[in-house]
Amino acid sequence: MRVVMRIARSAAVALPALLAGTQAVSQSGTVPSATDLTAEIQALKLEYEARIRALETQLSTIEAKSRAVEREAASPVRRAKSTLDNAFNPSIGIVLDGRYASFSAEESAIPGFATGHESERAPEGLSLGHSEVTASGNIDDKFRGNLTLGLGAHPGEATEVELEEAYVQTLPGAGLPEGMRIKTGRALWTFGYLNEQHAHGDDFADRPLPYRAFLDNTFNDDGVELSFVLPSALYSEVGGGLFRGDDTPFGGSDNGLRARSVYARIGGDIGRDAAWRIGGYLLDGKSLNRGGGGHAHGHEEVAHEEEHEDEHEEEHEDEHAHEEVHEDEHGEDFAGFFSGGAFSGDTQLYGIDVRFAVAPTGNARESEVVLQAEYFWRKEDGTYALAEEEEDGMEHLEELRTDSIAHGWYIQGVYKPLPRWRIGARYAWLSPPDGAEIDHDPHAFGMMVDWTNSEFGRVRLQYNHEALDGHEKDNQFILQYVMSLGAHAAHSF
Amino acid sequence: MSRHLARALLAALAVIVPACAAADARVFACEPEWAALAGEIGGDNVTVYSATHGRQDAHYIRARPSLIAQVRRADIVFCSGAELEVGWLPLLMERGARREVQPGQPGHLMAADHVEVMERPERIDRSLGDIHPSGNPHVHLDPDNVARLAVELAGRLARVDPANEGAYRSRLADFQARWGTATKRWRARAEGLRGMKVVVHHAAWAYLLGWTGLDRVATLERTPGVPPTASHLRRLVERVRTTSADAILLAPHHRGDAADWLSQRTGVPVVELPFTVGGRDEASDLFALFDVTLTLLEEANNRP
């Protein structure tokens with residue numbers, strides 16, 4: 001645009017000059033003859049041509065100059081200059097999550113499992129879900145850092161800031177063997193499919209039952225993890241970690257190195273437009289008075305127990321007597337120990353995940369089918385301690401010795417028929433710890449439909465039918481929005 | 001139990017690792033056009049893998065396990081750049097890629113860094129849709145850009161695989177000769193298309209329009225990355241009628257419904273161009289890509 005205006009200006013200057021030139025020529029002759037006229041016209045013509053040539057050179061210089069300016073603007077050096085003041089800032093991402101929920105049942109608890117705050121049913125009515133702020137960036141050529149704060153707004157309570165992730169990981173330039181990466185701090189560690197991703201990336205408004213029961217939604221303990229992508233044609237990755245042992249499925253770490261993990265997974269393509277991944281995982285560790293909710297919310301149970309420390313001491317001698325009573329007597333409420341007690345002992349949690357995605361046209365953004373299933377198997381060997389009020393009004397700490405197995409799975413399918421619309425269904429099932437003697441297997445069915453305006457904004461309607469205990473069924477409706485601002489993580493498989 | 005698992009892992013390692021040794025230079029190309037170019041310059045000395053195929057939209061690709069495995073073994077990562085692959089390539093690079101293919105290394109070749117990028121936005125805001133702050137990344141539809149990248153790629157290949165430098169240089173010379181002749185032919189054909197009025201979908205055709213002199217009279221997707229709205233399409237009908245457009249251009253990875261709708265109401269034909277190598281069966285290599293594209297445009301332009 002600017003170029004055009006400059007050309008116009010030069011033309012405006014040149015035109016009067018040309019006209020002036022014509023006048024000068026016509027005034028010079030007194031009685032112009034035909035030959036004079038021809039000569040004059042010839043001279044005029046030459047003059048015009050000269051001037052036009054001059055103009056043309058002028059024009060091309062201007063054009064060349066403007067091209068140079070454009071090139072300069074386009075060059076990376078120039079760009080860096082204009083954004084230098086914040087080029088080194090970490091990228092910031094914010095996720096806004098809000099919902100309206102309606103439930104048919106008053107209470108919602110999974111019998112036989114001590115679930116914490118995180119995995120509880122969302123508050124009824126309008127509420128904010130999990131708002132998130134993430135800052136991440138490269139520290140130098142060897143390390144990358146990430147900090148994610150989860151802001152939990154529970155109605156009637158002060159807004160709670162949870163440090164979801166705060167980790168440092170090595171970059172490929174760190175000098176480790178090719179394909180190896182070390183991550184340390186607090187992170188959403190590698191276990192199953194969903195654990196590694198933030199809840200707002202899920203296909204449903206809530207986590208499936210096995211995640212709620214076995215992990216209190218996520219395992220994000222403090223620790224260090226090493227992973228190794230093998231140089232094979234088929235994708236294969238192995239890894240393992242050491243953790244503090246303070247987050248569900250563990251809790252109450254005393255020496256800060258009580259849990260470890262190993263995992264392996266493989267994946268590949270089927271044809272051009274379908275992909276799969278299968279993984280196997282193990283979390284193994286010790287708990288010491290693990291309450292319901294792990295490190296973030298789980299200290300209430302422990303505190304509660306300490307209040308009754310005196311009773312505990314008195315009871316201590318009778319511990320064995322109690323144990324025997326519980327193990328022999330029928331009709332005793334064993335489930336209460338598992339649901340509300342503090343666990344001390346060994347936990348092994350195995351997981352398997354399978355994911356299969358197919359996009360009929362190759363473009364997952366247009367249309368896609370994703371099937372996903374996970375299976376968790378947990379063995380707990382130790383004791384559950386529960387404070388119980390006796391007839392004399394005093395509270396006693398009772399213990400239950402247990403070596404029990406619990407397991408659960410879910411399977412889900414999500415179909416995207418149109419670029420903006422997805423529908424999904426999920427079924428989840430749990431088998432409570434065998435020692436808890438619970439007849440009913442909690443299970444839940446969910447359906448969702450969501451609408452995605454762009455990559456950054458999504459609105460979802462979900463229906464859940466939960467039969468967690470043998471008595472009451474819970475019909476839930478959840479209307480949710482998830483919107484993200486700023487930098488957002490890449491699309492993982 | 002965990003000891004068994006560890007033993008099983010070691011056994012798996014013993015099977016997988018020996019299968020990984022490779023003699024060739026491996027090129028991981030993000031798009032088929034760069035895979036084709038790598039094939040031209042690298043010939044038998046390279047193993048080329050294309051992360052996407054001709055009917056895929058390279059903006060939206062999942063960082064699938066197979067891509068992690070491929071990028072893990074690559075000696076050169078050859079992509080369009082300018083944020084085209086921003087949704088998935090960084091994840092692959094971070095997850096599996098070797099140090100030699102990381103940004104700033106000879107093994108990291110982004111096409112947009114080596115040509116003049118068009119349409120660099122003055123204002124950047126998410127409300128403008130899925131825009132590329134670094135400008136239009138679809139640089140391959142200008143034959144001069146392909147020629148520049150052929151030179152750059154040959155240099156990179158020579159650096160990562162010095163033993164075969166001679167082969168890369170001679171193949172480059174051969175390619176340059178053939179490409180130069182073809183480019184002259186294409187330019188002559190493009191003269192006949194100058195001023196042809198087209199409706200485009202997204203910014204995919206900016207470079208093609210640039211050198212052929214086609215005239216863009218309307219854009220189907222008003223906001224990049226956001227499908228066209230009904231009201232925008234209604235306004236388009238009027239615009240397309242008054243400007244008497246010659247064709248509605250469509251890439252294989254674009255949904256045709258909006259284009260078809262517009263075509264039905266205006267009588268302007270939809271022309272599905274290959275966009276990249278493999279975008280149509282006939283567009284089997286880079287030369288065919290340009291030949292087919294020009295043929296299709298000429299057919300639409302010569303329509304009575």
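Numbers restart at 1 for each chain; the letters A, B, ... are given by sequence-line order, proteins then strands. Quantities reported herein were computed from a predicted structural model and do not represent experimental measurements.
- For B/Asp281, the CG atom sits in a loose shell: 12 or fewer heavy atoms of surrounding residues, nucleotides or ligands are nearer than 6.0 Å.
- Residue B/Arg72 holds its CZ atom at 9.0 Å from OG of A/Ser236, rounded to the nearest 0.5 Å.
- Looking only at heavy-atom pairs under 4.5 Å with chain A, the residue among B/Met93, B/Gln70, B/Gln102 that has the most is B/Gln102.
- Per-residue heavy-atom pair counts under 4.5 Å with chain A were compared for B/Glu100, B/Gln105, B/Arg55, and the maximum is reached by B/Arg55.
- Between A/Glu368 and B/Arg62 there is a salt bridge, since a side-chain N of the basic residue sits under 4.0 Å from a carboxylate O of the acidic one.
- Contact record, A/Trp276 with B/Pro65: O-CG, 3.6 Å, taken as the closest heavy-atom pair.
- The contact between A/Arg144 and chain B is made entirely by side chain atoms (from C-beta outward), counting heavy-atom distances below 4.5 Å.
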task: Check the pair A/Leu418 / B/Arg255 against side chain to side chain contact (heavy atoms under 4.5 Å, CB included), numbers first and verdict last.
output: CA-CA 10 Å; A/Leu418 293 163; B/Arg255 276 177 83 88; 3.8 Å; yes
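- Between B/Arg95 and A/Glu237, at least one side-chain N (NZ, or NE/NH1/NH2) sits under 4.0 Å from a carboxylate O, which counts as a salt bridge.
- Taking all atoms of both residues into account, the shortest heavy-atom contact from A/Ser232 to B/Ala69 is O-CB, 3.7 Å.
- Shown here for B/Arg64 and A/Ala275, the closest heavy-atom pair between the two residues is CD-CB, 3.7 Å.
- Here the closest non-hydrogen pair linking B/Asp57 and A/Asn363 is N-OD1, 2.5 Å.
- Taking a 6.0 Å sphere around CZ of B/Arg159, one finds it holds 12 or fewer heavy atoms contributed by other residues, nucleotides or ligands.
- Considering all non-hydrogen atoms of both residues, A/Gly362 and B/His53 come closest at CA-NE2, 4.1 Å.
- Within the 4.5 Å cutoff, the side chain of A/Asp273 has heavy atoms near those of the B/Gln56 side chain.
- Interface remark: of the candidates A/Arg181, A/Gln169, A/Arg260, A/Arg181 forms the most heavy-atom pairs closer than 4.5 Å to chain B.
- Contact tally against chain B (heavy-atom pairs below 4.5 Å) for A/Glu366, A/Arg277, A/Arg272: the top residue is A/Arg272.
- Comparing A/Gly267, A/Pro172, A/Gly173 by heavy-atom pairs within less than 4.5 Å of chain B, the highest count is held by A/Pro172.
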